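Please read these numbers as outputs of a predicted model, since none were measured by experiment. A, B, ... follow the sequence lines: proteins, then strands. Residue 1 opens every chain.
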Amino acid sequence: RAAQGRTYGNLGNSHYLLGNFQDAVLAHEQRLLIAKEFGDRAAERRAYCNLGNAYIFLGQFEAAAEHYKRTLQLARQLKDRAVEAQACYSLGNTYTLLQDYERAIDSHLKHLIIAQDLKDRIGEGRACWSLGNAYTALGNHEQAMSFAEKHLEISKEIGDRS
Amino acid sequence: KCFRMHAIQVDSVQRWMEDLRHMTEVE
């Protein structure tokens, strides 16, 4: 049964990389079921994240957000800060796709704080870029400018010309 | 204007989706 769980996970990832997102969802749902049977929260966390990603490419953004929220809860329970940051970033982008900019800002700010704690300058730069865009969408140009300046500063520092 | 705002909005998200397309949580 444990091997079945791992195999469903691998199968889901193969379907995903081939662009078969519906088949990826079916496989990762099986992986999730088996992870729950075993109380394997790390595997459960991975399955939720993989499901969230597949739902993005199926255009089902509400479903993606629900799965990323579970990813975030489990990342916190597992005390994995890098994964927590990644889940916040995914959630922020998903809320942006849903045009829910207040929630997007909330998630991107959480990502920003963790990126700063972890001294992850690339993550920090991406959070600033995302925040600048979300504030622009809300018409808050002063905040947008502030984050755009921060994004520029970090991009120069890390040599990201694009 | 709304279209332009939407286009601005999408650029950071598009970059994220490009990365996401090749990203999987490996067993």
Test side chain to side chain contact (heavy atoms under 4.5 Å, CB included) applied to A:W129 and B:R15, step by step: CA-CA 11 Å; A:W129 183 12; B:R15 172 62 195 271; 3.8 Å; yes
A:L72 with A:L74, same ILVMFWY side-chain cluster at under 4.5 Å: yes
ILVMFWY cluster, A:V83 and A:I113 together (side-chain gap under 4.5 Å): no
Neighbourhood of chain B inside residues 8-15 of chain A, taking heavy atoms under 4.5 Å as contact: A:G9, A:N10, A:N13
Residues clustering with A:I122 (ILVMFWY side chains joined when closer than 4.5 Å, directly or via others): A:I154, A:I158
Co-membership, hydrophobic cluster, residues A:Y68 and A:I114, 4.5 Å side-chain: no
A:R126 side-chain N/O to B:W16 backbone N/O, donor-acceptor pair under 3.5 Å: no
Heavy-atom check, side chain of B:M17 versus side chain of A:L97, under 4.5 Å: yes
Single-linkage hydrophobic cluster, 4.5 Å side-chain cutoff, A:L78 and A:Y48 together: no
Whether over 12 other heavy atoms sit under 6.0 Å from A:R121 CZ: yes
Reported OG-to-NE2 distance for the pair B:S12 and A:H108, which is rounded to 0.5 angstrom: 6.5 Å
For residues 85-92 of chain A, dump all side-chain donor-acceptor pairs below 3.5 Å to protein atoms at least two apart in sequence or in another chain.
from  : atom 1 : to    : atom 2 : distance (Å)
A:S90 : OG     : A:Q86 : O      : 3.1

Gap between atom CD of B:E27 and atom CG of A:N50 - 0.5 Å precision: 8.0 Å
Residue-level interface, residues 19-37 of chain A with chain B, non-hydrogen cut-off under 4.5 Å: A:G19, A:F21, A:R31
Same apolar cluster (I L V M F W Y, side chains within < 4.5 Å links), A:L131/A:L138: yes
Beyond-backbone contact of B:L20 with A:F57, side-chain heavy atoms, under 4.5 angstrom: yes
Minimum heavy-atom distance B:M23-A:N53, with the two atoms named: O-ND2, 3.8 Å
